[in-house]
Amino acid sequence: MTKNNSTRWAANLFCMALLALFTAPLALAQDASFRAHLSKMPTTPQTKNAISGGGEVIATLEGHTLTISGHFEGMSSVATMAHVHMGPPAQPGPVVSAITAPDSTGGELSGQIELNDEQLAALKVNSLYVQIHSADNAAGELRGWFFAR
Amino acid sequence: MNIRTTSLAIAIASALIGCTPDNSEQAMNGASDSSVAANAFAEQAAVGAEKFAANCAACHGINLEGSTLGPLLSGRPFMQRWGQRNPSLLFNNIKANMPPGGNEGLSDDDYLAIAAHILSVNGVDTVTTALDPSTDFTIADNASAIASLRNRNEPPAPEGVTVAGNVDDFVPFTPVTDAMLESPDPADWPMIRRSYDAHSYSPLDQIDTSNVANLRLEWVWNMHEGDSEPSPLVYKGIIYLINPGNVIQAIDGKTGELIWENWAGPANRQDMRNIAIYNDKIIQATTDARLVALDARTGKQVWETMVADNSQGFENSSGPIVADGKVILGLAGCARYIKDDCYISAHDANTGELVWRFNTIAKANEPGGDTWGELDDIFRAGGETWITGSYDPELKLTYWGTAQQKPWVPVSRHLTIQDEGLFTNSTVAVNTDDGTLNWHFQHVPAEALDLDEVFERVLVNRGDEKLVFSLGKYGILWKSDRVSGEFKGYKETVFQNAFTDIDPVTGRVTYREDIQNAKLNEWTSACPSSAGGKDWHSMTYHEPSGLMIAPLSQTCLENAAREVALVQGGGGLAASRKFFEMPGTDGNLGKIGAYNVDTMEEVWSYQQRASFHTGTMSTAGDLVFVGDLDRRFKALDVNTGEVVWETRLGTSVQGHPVSFAIDGKQYIAVTSAVGGTSPRTVPDVIATEITYPRWGNALYVFSLPED
């Protein structure tokens with residue numbers, strides 16, 4: 001990983017530790033926040049204008065509860081579904097849970113998921129991601145992996 | 001291509017399908033005016049015209065005229081490549097390779113129809129039977145002269161010297177000696193990457209971090225149009241510039257005055273990265289695999305020789321270096337199933353005569369020949385040497401990278417992940433005396449994703465250690481002992497998930513299991529993409545700080561192997577591919593990474609949305625120069641990665657920045673350019689918001705104001 005990310009990660013760990021010390025019992029020391037940059041699903045010169053848009057999703061972890069909020073814009077057609085999936089960066093995997101997306105080419109995303117231990121472990125190694133499906137791209141139009149902020 | 005151009009192309013495409021214009025008329029020629037098509041070939045071609053418009057025209061143009069996304073498929077260049085082959089090979093080739101994004105919707109009948117359309121547009125008009133997968137006639141023999149004339153719509157291209165002049169009238173010319181190449185004058189940039197060790201480093205320090213902000217444009221020179229990734233040479237104040245289409249110009253570095261121009265042909269707008277200077281000659285490889293020497297003073301041709309047979313598909317995209325008094329160059333276009341494979345060759349600098357060849361593909365009865373399974377020699381392909389190597393004059397070894405096996409995926413090659421395929425995707429150290437192999441190190445055996453390790457070998461001395469570094473498409477910076485070939489270490493410079501393990505002692509890589517076992521037509525998702533963590537844009541070694549500073553790219557791909565029939569003359573690349581943003585990068589496609597060559601740690605990185613399209617060039621002024629897709633040319637502080645200067649040029653900045661001095665004044669030169677293959681086409685489909693003119697090849701020269 002890049003220096004940018006690792007410094008951010010280190011700084012983040014430090015802040016989390018501080019927060020945990022002052023505001024919460026030690027059991028909550030694993031609380032953390034994650035961010036996914038939504039970008040286009042795999043595309044080609046022929047499909048590059050049929051798969052479009054972008055966005056950002058923030059996920060906050062408290063215990064096993066992952067609270068998700070975010071936004072997206074500029075999709076080629078209206079959103080039909082949005083999910084959190086499990087799979088290492090750049091490797092698609094199964095659905096973990098649905099989240100809420102508006103019936104629109106852009107808007108707010110939200111959701112709350114109870115992660116099991118496997119999913120929690122996956123989150124910590126950047127192996128959960130968000131995917132939004134659209135009317136014209138049933139297989140998915142936007143996607144982004146969660147990384148610690 | 002921006003959105004407007006695409007929708008225009010689609011509009012034209014639909015218009016053409018609707019109204020039987022010029023093109024379909026040509027396609028229907030064989031059937032004459034009769035509305036009752038008595039000609040099964042013409043009927044097939046008419047169907048093919050629609051299929052072509054829908055599936056191919058976006059890249060190859062509705063009239064097969066080509067675009068920045070795909071080559072032209074008509075006229076002389078096409079006939080040169082395909083005229084002596086048969087329709088069956090064309091069918092197999094496009095079925096295996098086109099369109100690059102995937103071919104789920106296309107049947108064999110569709111491909112046959114498209115092949116008929118392409119042939120018919122190219123003037124094949126004596127055929128009446130529909131094509132089938134085994135149709136075997138020589139394409140050119142079935143295009144009548146009238147038909148081929150009809151396709152020749154371009155005026156004849158110039159040949160030879162088109163602008164006469166003499167360098168002596170500007171600066172007295174002194175022949176370039178071996179000693180000068182071994183230790184170039186700080187004012188010169190006499191070869192690709194400036195020196196034999198490929199540091200892309202200029203010892204000039206007049207322009208430094210404290211005054212670079214004052215840099216201003218001295219002059220600009222528009223170049224010929226076409227695909228371009230040039231590396232200018234500068235010798236005693238004269239710039240020798242390779243233009244697209246095999247055109248070389250000599251330009252006065254001080255004033256930007258053209259001195260001479262020579263067209264070695266073919267005038268095809270294709271790309272050549274570099275040329276060489278030696279003695280009193282400029283030596284160029286041509287895109288059709290010839291080697292040509294010009295008089296450096298006048299541009300007049302001195303000798304010419306054939307490197308390989310272009311009609312067999314061989315070509316060059318990089319030029320030679322002159323090492324140990326020999327002209328040494330590589331070869332590309334080696335994906336076809338034919339008897340001859342790729343090689344590195346050395347020629348006599350005075351005559352062009354062949355001195356030796358090193359074959360990059362081991363035949364069954366040769367050392368390494370048992371690494372290709374049971375595959376017959378004919379079907380062993382790949383191993384291109386499409387980036388110019390480097391040279392150690394003390395060891396008398398020339399260091400080259402080789403490209404991967406072809407087709408791209410083991411299953412398409414009729415091989416497995418165990419079939420390493422020597423000497424592909426390797427560093428080869430070749431004796432300049434006789435072309436024998438001194439040692440090799442195969443970075444990625446049995447390559448499976450179109451990620452080659454072919455790029456420049458950078459030679460570095462640290463204490464007593466003589467090292468060689470390279471950085472391939474997997475984004476892994478490799479370090480080896482260049483005397484013994486022993487593996488010394490590696491560093492992942494961008495995210496990669498193709499390998500689950502890289503042995504820290506041996507450097508042996510292990511592919512992810514699904515990549516190892518990839519089957520035909522199954523999608524595999526991996527990072528980086530074939531645009532490469534690093535590609536042809538060379539990295540720089542800044543000796544004063546011990547940093548290797550590399551231009552990197554952050555995209556990923558989905559890849560699906562296609563079937564390739566083992567037929568003589570066939571072959572190809574054979575995969576469907578889609579591209580996406582690299583996770584964890586926030587959409588920053590461009591990265592400059594600086595690595596300590598002793599510890600292999602990343603010391604700093606600079607990231608941005610736009611991908612970088614030039615090599616990095618560092619200077620003794622502690623600056624590193626680099627240009628990007630978004631037309632920005634930047635100077636970064638070598639020690640921090642901070643941007644200390646930037647300007648914006650006419651179109652994307654692409655090529656290899658150089659620095660030189662005339663009368664004690666330092667200049668920085670860089671080209672803007674289009675083309676450049678996957679490092680451009682991949683970012684183009686991801687960062688669609690970045691737009692730039694589709695023309696504008698030029699050379700820009702900067703300096704500090706005189707006070």
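Numbered from 1 within each chain, the chains take letters A, B, ... in sequence-line order.
In this structure a side-chain-to-backbone donor-acceptor pair under 3.5 Å is missing from A:S39 to B:E581.
Between chain B and the options A:I51, A:L38, A:T43, the largest number of non-hydrogen pairs under 4.5 Å is found for A:T43.
Enclosure of atom CD in B:E104 by more than 12 non-hydrogen atoms of other residues, nucleotides or ligands within 6.0 angstrom is indicated. Other residues, nucleotides and ligands contribute over 12 non-hydrogen atoms within 6.0 Å of the CD atom of B:E689.
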> So A:H37 and B:T585, side-chain contact (heavy atoms from CB on, under 4.5 Å) or not? Walk me through it.
Replying inline: CA-CA 8 Å; A:H37 182 255; B:T585 60; over 6 Å; no
>> Please determine whether side-chain contact (heavy atoms from CB on, under 4.5 Å) holds for the pair A:T47 and B:K578, giving the CA-CA distance in whole Å, both sets of side-chain angles, and the decisive distance to 0.1 Å.
In response: CA-CA 9 Å; A:T47 59; B:K578 303 174 186 174; over 6 Å; no
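For the atom pair A:T44 OG1 and B:L557 CG, the distance stands at 12.5 Å (nearest 0.5 Å). To the nearest 0.5 Å, atom CD of residue A:Q91 and atom OG1 of residue B:T524 are 10.0 Å apart.
Between B:C527 and A:P89, the closest side-chain pair of non-hydrogen atoms is not below 4.5 Å. You'll find the side chain of B:W523 stays beyond 4.5 Å of the side chain of A:P92, heavy atoms only. With contacts defined as side-chain heavy-atom distances shorter than 4.5 Å, the pair B:T688/A:K40 qualifies.
Shortest non-hydrogen contact noted between A:M41 and B:F580 is C-CB, 4.4 Å. Across all non-hydrogen atoms, the minimal contact from B:V685 to A:P45 is CG1-N, 3.4 Å. For the residue pair A:P42 and B:E558, the shortest heavy atom distance occurs at CG-OE2, 3.3 Å. Between A:A90 and B:F495, the closest heavy-atom pair is CB-CE2, 4.5 Å.
The pair A:R35-B:D586 counts as a salt bridge, with a side-chain nitrogen and a carboxylate oxygen less than 4.0 angstrom apart.
The part of B:R577 that comes within reach of chain A is its backbone (N, CA, C, O), which places non-hydrogen atoms under 4.5 angstrom from that chain.
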